[in-house]
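Residue numbering restarts at 1 for every chain, and letters A, B, ... go by the order of the sequence lines.
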Amino acid sequence: MDRIVEDLTTPMVSAKGVRKHFGSLPVLRGIDLEVDRGTVMCLLGPSGSGKSTFLRCINHLEKIDAGSLRVDGDLVGYRESKGTLYELRDREVCAKRMDIGMVFQSFNLFPHMTALENVMEAPIRVRKEPEALVSERAMSLLARVGLASKVKSYPKQLSGGQQQRVAIARALAMQPKLMLFDEPTSALDPELVGEVLDVMRDLATDGMTMIVVTHEMGFAREVADQAVFMDEGVVIEAGPPRSVLGAPSHPRTKEFLAKVLS
Amino acid sequence: MTQTPTPDWPLPTSSSSTSGDPNSAIRAVGVRHPGRWVVAAILAVVAAMAVHAVAFNSRFGWNVVFHYFGSREILTGLLRTLELTSIAMGIGISLGTVLAVMRLSPNPIVANAARLYVWFFRATPVLVQILLWFNLAALFPKLSIGIPFGARFATASVNSVISPFAAAILGLGLNEGAYMSEIVRAGVLSVDHGQVEAAQALGMRRILLMRRIVLPQAMRIIVPPTGNETISMLKTSSLVSVIALPELLYSAEIIYSRTYQTIPLLITASIWYAIVTTVLTFGQASVERHFAKGQARPSVRRGLFPLRASARTKLDPLPNERVQMTNNIRDIAGG
C-alpha cells in the first residue's frame, strides 16, 4: 500500500542538475525541473536552447553526462544499487521506453505501412499483445484523432496534420504514462496546426502527463500547467503560463516573447 | 501524327470543348518530337543490317546452334547453372544481410569481424577462391568435429566432403556475401535516421527495428543492385568450368571439344544466358514494384517504349490519390 501512495506523489519526471555536451559544446548546463502526474509542461525558448535535447534525454535517446533524471521515480538509463550506478542494458532501456510516448517534428511514420499498421506495429511486436485486441484499440485511437476513414492510407497519402495525428495515435497505442512532443506542429502548414493542437488539448483534458516543446504560445497559455522558458541550456524562468508568458520577470524571456508574439 | 493526350482519370461530363469555357479540360496539341522519329529510323536501318549480317552468314552455323539448343547435355548444364546461381545468391544475400547488420553493430568486435570478412573476400579473385576450395584437401586432408585443440569425435576426408559442386557453391556464395553486405549496408544507411528514432521511442530493440522498419525501407535501394548481382552471378558461375563442373558453358565446351563446332555452341550457350537474363530482368521489376509500397514514385516505369507516352504525368499517383484527384476535378468542374 505504501508503494502505491508513494507512486502517486512522486513526480512523473524529475530532473536535477542535468548536463549534456555534444563534444565540447555544452547543450544542457544544469536543468532542474519537475513534472507532476496528469499535468502539462510546455518547454519554450529559442532554437538551440536545449529544449529538444532535454526532451530526448527523458526517453534516453540522448545520454546525460551529469545530474540525475528520473521518470516515475526510476533513473533514466541507470539502475542504482547500494550507492553504485549500473548502466542499463539495451533490453532494459527499451522496456522503459515502452511507457513513454514520443511525437516528432517530422512525424517519422513508417512509410511502408498503412496508418493502421503504423499504430498496431509496436503493441503487437514489442508488447506482444494479441492482434485482435490491438486492432480494436488502434481503430478507436484513429477514430479519436479523427482519422477513422484513413486507416488504410499510407503516410504519403495523408496531409501533414493527418500524419501527425496518426503519429500521436501510434504513441498512444502503447498506453504510455507520459507523452513527449518535440515541436509537433513546426513542420505543418499553418491551417493544419489547429487539428493537431485539438488532439493534444483533448489528451491533456483526459489527464495525460505531457511535456511539449513548442512555439505555439496560445496553446501553452491555454493548456499548460507549467511553462518553462529555456535559453542556452539553462532554465531561465518556470511557472504558471500566465506569469511566465503574461508577466515575464526576466529580460530574456521578455525579449523572446516580444519577438515571437510580434 | 496529332495525338491529344488522354488523361488517366475520367473527365467531368459537364465540360464542353469550347475554349472559352473555364471549366473545360485543356485540349492542346502536344509538343512534337521529330528528332525521335529520325533517330528511330537510323537505328532501324542499322539493326536490319546487323541482323542481315548475322542471320545470312553460314559460318555462324545456325543449324548447329539450334540442333544443340534443346539437347539433353545443354539443358542439364542450364539446370546446373540455375542451381548454382540461385544457391550462391541465396547464400550471398543471407550472408550479406548478416554481415551488413554486424558491420553497423555498436559492438566493435562484431563490426570489425564483418569488415575483415569483406576485406578478405574482395581482396582475392573469385576464381582463386573456387580453386582453393576445390583443392582444400591439399591444405587440410582431414575434417574433424571435436573440442578445439582437444579430442576428436568424428573425422572425414576433405575430398569426400568438398565435391566440385560444394567447392563451387562455397567459392561463389561466400564471395558474393562480401559484395552483398556492402549493398545491404548502403540500403540501411539510406533510411532516414528519424525512422530508427521513432522505432526506438516505441521500445523496439535493434534486431526487431532492423527487420520490421529499416530493412523493408532499405529494399528500395537494395533490390536494383541485387538484381545486377544475380544477373552477374548467372554468368560468373561459368567460372566453375575450371573445376570441371558441367554447368551451361562447360557442357557446351564438352560438346565442341568433340565436334569442333566451337562458335555455334558458344552461341547456343549465350542465347540461353540471354534468355535467363531477360526473365531475371522482369523478375527484378516485379520485386521492385512490390517494395515500392507506400511510395508515390515507382522505381520501374510501365511500358518499354515510352516514345509517345511523354504526356503522362511523371509522378504516378497512388490509386487513392488518383481517386482524390478525380474528385477534386469534379469539385472544380461542378463548383
Side-chain angles (χ1 to χ4, degrees), chain A residues 52 55-56 58-62 89-115 117-128 149-150 152-159 166-167 170-174 176 178-180 182 187, chain B residues 101 104-108 110 187-188 190-223 287-299 315-328:
Chain A
S52 289
L55 198 70
R56 293 160 57 82
I58 295 172
N59 67 354
H60 210 239
L61 284 177
E62 302 286 355
R89 302 179 155 276
D90 188 42
R91 187 190 320 121
E92 298 164 306
V93 171
C94 287
K96 298 256 160 117
R97 283 191 186 129
M98 286 185 219
D99 297 329
I100 305 173
M102 186 160 191
V103 174
F104 298 86
Q105 181 178 350
S106 49
F107 329 135
N108 297 349
L109 288 182
F110 305 134
H112 56 302
M113 298 181 185
T114 62
E117 287 166 347
N118 262 281
V119 177
M120 290 174 65
E121 179 69 12
I124 290 179
R125 303 275 166 181
V126 180
R127 280 218 201 271
K128 310 253 194 275
S149 62
K150 297 285 183 185
K152 292 228 154 51
S153 299
Y154 284 97
K156 281 262 164 71
Q157 297 166 314
L158 300 173
S159 73
V166 174
R170 176 175 72 175
L172 291 176
M174 291 293 277
L178 167 68
M179 284 284 284
L180 310 174
D182 189 2
Chain B
V101 173
L104 296 167
S105 161
N107 179 339
V110 167
V188 168
S190 77
V191 176
D192 177 26
H193 191 64
Q195 293 289 312
V196 175
E197 290 194 340
Q200 282 179 331
L202 288 166
M204 286 197 188
R205 298 183 61 195
R206 210 177 103 80
I207 296 298
L208 180 66
L209 179 161
M210 276 285 169
R211 191 163 59 80
R212 294 289 304 171
I213 307 301
V214 175
L215 283 176
Q217 293 181 59
M219 287 309 273
R220 271 170 69 76
I221 303 293
I222 294 172
V223 171
V287 174
E288 280 184 38
R289 267 196 293 277
H290 172 77
F291 284 107
K293 201 169 63 172
Q295 296 292 335
R297 191 192 290 264
S299 55
L315 202 152
D316 262 18
L318 292 159
N320 289 6
E321 264 178 10
R322 193 172 288 182
V323 171
Q324 189 61 51
M325 285 164 83
T326 314
N327 291 343
N328 289 347

Inset, instruction - Would you mind telling me which of A:Val103, A:Leu109, A:Thr114 has the largest number of heavy-atom pairs within less than 4.5 Å of chain B? - result: A:Leu109
Inset, instruction - Pick one of side chain, backbone, both or neither for A:Arg127, based on which atoms fall under 4.5 Å of a heavy atom in chain B. - result: neither
Legend entry - Among B:Gln195, B:Arg206, B:Glu197, B:Arg212, residue most engaged with chain A (heavy-atom pairs, under 4.5 Å): B:Arg212
Legend entry - Toward chain B, the part of A:Leu180 with a non-hydrogen atom under 4.5 Å: neither
Legend entry - Set of salt bridge (charged side-chain N to carboxylate O under 4.0 Å, His left out) partners for A:Asp90, sequence neighbours left out: B:Arg205
Legend entry - Minimum side-chain heavy-atom gap B:Met219-A:His112 below 4.5 Å: no
Legend entry - 4.5 Å side-chain heavy-atom contact, A:Cys94 and B:Met204: no
Legend entry - Closest contact, heavy atoms only, A:Val126 versus B:Gly203: CG1-O, 3.6 Å
Inset, instruction - Heavy-atom pairs under 4.5 Å with chain B are the metric here; pick the option from A:Met102, A:Met98, A:Arg125 that has the most. - result: A:Arg125
Inset, instruction - First locate atom CD of B:Gln200, then atom CG of A:Asn108, and finally report the distance between them rounded to the nearest 0.5 Å. - result: 11.5 Å
Legend entry - Contacting moiety of B:Leu202, where chain A heavy atoms sit under 4.5 Å: both
Legend entry - Heavy-atom contact with chain B under 4.5 Å, split by part of A:Leu61: side chain
Legend entry - A:Phe104 portion near chain B, given a 4.5 angstrom heavy-atom threshold: side chain
